[in-house]
Amino acid sequence: MRALTVTKEHGTVNSHATLNTISLWLQTCANGEYTITMKRVQKKRSDPQNRLMWMWFGIIARGWSEATGRSFTSEDVHDAYCLLFIPKETPKGRVAGSTSSLSLEQMKEFLDKVQADAASEYGIQLPNPEDQFFEALAEEYSQQ
């Protein structure tokens, strides 16, 4: 089995090199029928996305703790949102899924849902990386 990674940028693929490579491969194959399969590469969630998620979960945990008088951790928030937005069905029922297997796009969608839910359900406004005081807030929550 052979694999060829092709990148399309700005609507363009270096098709000459790609077609030459495929042609060379086909010439070295024995006679017969072949299937060429193409699938989009899904990049895993990014480190900045992961850091943002844990910062947000720290903010939400603090908000939940202040609102209820009970103690919540970032992990509690993680489990609650993973159960809400990426549940897994098991023979024993629904359990929280994991963010570690999410692609970049899936993680973006997950974070968008968390941000919307925190605002609408709990009145917690989560900061975005482009916000003015984001770095200071990120530093504060990385110390916890």
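Small disclaimer: the values here were computed from a predicted structure and weren't measured.
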Closest contact, heavy atoms only, [X] versus [Y]:
| X | Y | answer |
| --- | --- | --- |
| W64 | T68 | O-OG1, 2.8 Å |
| H78 | F57 | CA-CE1, 3.5 Å |
| L126 | A118 | CD1-CB, 3.8 Å |
| I60 | V77 | CG2-CG1, 3.8 Å |
| I86 | L102 | CD1-CD1, 4.2 Å |

Check the hydrophobic clustering (I, L, V, M, F, W, Y; side-chain heavy atoms under 4.5 Å; chains of links allowed) and say if [X] and [Y] are grouped together.
| X | Y | value |
| --- | --- | --- |
| I36 | W25 | yes |
| W54 | L84 | yes |
| Y122 | I59 | yes |

Heavy-atom check, side chain of [X] versus side chain of [Y], under 4.5 Å:
| X | Y | result |
| --- | --- | --- |
| P127 | M55 | yes |
| F110 | R45 | no |
| S65 | R62 | no |
| Q49 | L111 | yes |

Measuring from atom [atom1] of [X] to atom [atom2] of [Y], what distance do you get when rounded to the nearest 0.5 angstrom?
| X | Y | atom1 | atom2 | answer |
| --- | --- | --- | --- | --- |
| S103 | K44 | OG | NZ | 9.0 Å |
| C82 | E75 | SG | CD | 11.5 Å |
| N128 | Q125 | CG | CD | 10.0 Å |
| S71 | E66 | OG | CD | 11.5 Å |

Ring pair (Phe, Tyr, Trp, His ring centres under 6.0 Å) partners of Y81, counting only residues at least two apart: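 Scan of Y81 (ring pair (Phe, Tyr, Trp, His ring centres under 6.0 Å), adjacent residues dropped) gives F85.
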Greater than 12 external heavy atoms within 6.0 Å of E33's CD: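 Counting neighbours around CD of E33, 12 or fewer heavy atoms of other residues, nucleotides or ligands fall under 6.0 Å, so no.
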Pairs where residues 79-104 contributes a residue and the test salt bridge (Lys or Arg N to Asp or Glu O under 4.0 Å) is met, not counting sequence neighbours: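 Pairs touching residues 79-104 that pass the test: E89-R94.
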Test side-chain hydrogen bond (donor to acceptor under 3.5 Å, both in side chains) applied to S23 - qualifying residues, sequence neighbours left out: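 Per chain and number, S23 pairs via side-chain hydrogen bond (donor to acceptor under 3.5 Å, both in side chains) with Q27.
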